[in-house]
Amino acid sequence: MVEWPTTAAEAIAVQEELRGLVEVADVGAPARYVAGLDVAYDRDRLAAAVVVLDAATLGEVDRAVVLGETTFPYIPGLFAFREIPSLLTGLERLTVRPGLLVCDGQGLAHPRRFGLACHLGVLTGIPSIGVAKTTYVGTHQELGHERGTTADLVDGDEVVGAAVRTQDGVKPVYVSVGHRVTLATAVAHVLRLAPAYRLPETTRLADRACRAGLRDG
DNA sequence: GCGACAG
DNA sequence: ATCTTGTCGC
């Protein structure tokens, strides 16, 4: 890691510096391999998981689980600094190169427009999206009850993401662009990755993998 | 100043 | 994130 902060002020400075590198456009061929990333904690111990699925079949093709210790506290807005070091190690250990990173958290739907998904995308160059279970910034209109319904997530005068109903009647998930992808593409990916449950399969498998890693790691 | 605040 | 029983619904 070339530049890694130890204080909140330094971390914010890093975000301000890197935010200009985010590309909001579909870059590269449609992803064949899609990775889900998540981290679980137990006090100061952590387990980071990266699980790669075949985009067409949703079958698992690779995974990496990294055990480590926390090096940065959880601070809303600076969440990425807590998770990125071990997630990057996990990505390095993969034998395939994912064409899309599905992150557990926000991308552009962040106070400085540089959430975890943007940060990971910029650092790796891999297209990335954020899928969060709750909003952080932004509000949206009520959305329809059916799977596939969406509503813009608006913060100030900007559309920073979308609320997406992935199953009939379930709470929406909040999707935002991380890097090298458009919001429309991000939403399409999330719906394809969530054929049966509220959360994308990538997220579900990464969640299981990191919890298991903590448990018997 | 006060509260809210991704995981 | 994590702590945690029962409960509502298919």
Side-chain angles (χ1 to χ4, degrees), chain A residues 8-9 11-12 14-15 18-19 22 35-51 65-88 90 101-123 128-140 145-147 153-156 158-164 166-179 183 186-187 190 196-200 202-217:
Chain A
I12 290 172
V14 169
Q15 293 181 328
L18 297 181
R19 59 184 291 187
V22 170
L37 305 89
D38 195 16
V39 182
Y41 300 87
D42 176 37
R43 302 288 184 171
D44 285 344
R45 290 201 315 131
L46 64 78
V50 182
V51 179
V65 178
V66 175
L67 299 178
E69 298 191 343
T70 57
T71 59
F72 204 91
Y74 169 65
I75 302 173
L78 302 178
F79 171 54
F81 295 92
R82 184 171 173 79
E83 307 218 326
I84 282 184
S86 45
L87 287 176
L88 285 180
L101 305 180
V102 180
C103 306
D104 204 3
Q106 319 288 350
L108 290 175
H110 173 279
R112 285 173 293 282
R113 306 293 182 259
F114 199 71
L116 171 66
C118 300
H119 206 143
L120 220 34
V122 165
L123 258 32
S128 65
I129 68 176
V131 180
K133 302 172 205 64
T134 62
T135 55
Y136 181 17
V137 298
T139 57
H140 63 86
H145 182 276
E146 323 73 40
R147 162 180 158 85
L153 223 207
V154 180
D155 186 35
E158 299 177 61
V159 173
V160 297
V164 179
T166 54
Q167 299 297 325
D168 293 355
V170 305
K171 290 189 303 181
V173 295
Y174 301 91
V175 179
S176 57
V177 168
H179 185 54
L183 182 56
V187 170
V190 169
Y197 297 95
R198 177 187 178 226
L199 297 177
T202 37
T203 301
R204 301 181 71 242
L205 290 174
D207 184 73
R208 284 199 332 185
C210 65
R211 290 197 198 201
L214 252 198
R215 177 169 54 71
D216 43 59

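Per chain, numbering begins at 1; letters A, B, ... match sequence-line order.
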Output, in order, the C-alpha distance, side-chain angles, deciding distance and verdict of side chain to side chain donor-acceptor pair (under 3.5 Å) for A:Y41 and A:E83.
CA-CA 10 Å; A:Y41 300 87; A:E83 307 218 326; 2.9 Å; yes
With ring centroids as reference points, do A:F79 and A:H110 lie under 6.0 angstrom apart?
no
Heavy atoms of A:T70 and A:R82 approach each other most closely as CG2-NH1, 3.8 Å
Looking only at heavy atoms, what is the nearest atom pair of A:R198 and A:T166, with distance?
O-OG1, 2.6 Å
Above 12 or not: heavy atoms from other molecules or residues under 6.0 Å from CZ of A:R208?
no
Kindly indicate, with the supporting measurements, whether the criterion side chain to side chain contact (heavy atoms under 4.5 Å, CB included) is fulfilled by A:L88 and A:L120.
CA-CA 8 Å; A:L88 285 180; A:L120 220 34; 3.9 Å; yes
Find every protein N or O atom lying less than 3.5 Å from an N or O atom of nucleotides 1-10 of chain C, and list the pairs.
{"from": "C:dA1", "atom 1": "OP2", "to": "A:K133", "atom 2": "NZ", "distance (Å)": "3.3"}

Taking any atom closer than 4.0 angstrom to a non-hydrogen atom of chain A, what span of DNA chain B does the protein reach, first nucleotide to last?
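Listing 5' to 3', DNA chain B meets chain A from B:dC5 to B:dG7.
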Kindly express the pairing pattern of DNA chain C in dot-bracket notation, using | wherever a base pairs with another strand and counting only Watson-Crick or G-U pairs under 3.5 Å.
..........
Say you draw a straight line from NE2 of A:H119 to CG of A:L18; how long is it, rounded to the nearest 0.5 Å?
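Going from the NE2 atom of A:H119 to the CG atom of A:L18 covers 5.0 Å.
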Mind running salt bridge (Lys or Arg N to Asp or Glu O under 4.0 Å) on A:R215 and A:D42 for me, showing each step along the way?
CA-CA 9 Å; A:R215 177 169 54 71; A:D42 176 37; over 6 Å; no
Can a salt bridge be assigned to the pair A:D38 and A:R211 using a cut-off of 4.0 Å between side-chain N and carboxylate O?
no
Under 4.0 angstrom, heavy atoms only, what part of the nucleic acid is [X] near: base, sugar-phosphate, or nothing?
X	value
A:L116	base
A:G130	nothing
A:L37	nothing

Could you check whether the rings of A:Y174 and A:H140 sit parallel, tilted or perpendicular, using 30° and 60° as the cut-offs?
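Because their plane-to-plane angle lies in the 30° to 60° range, the rings of A:Y174 and A:H140 count as tilted.
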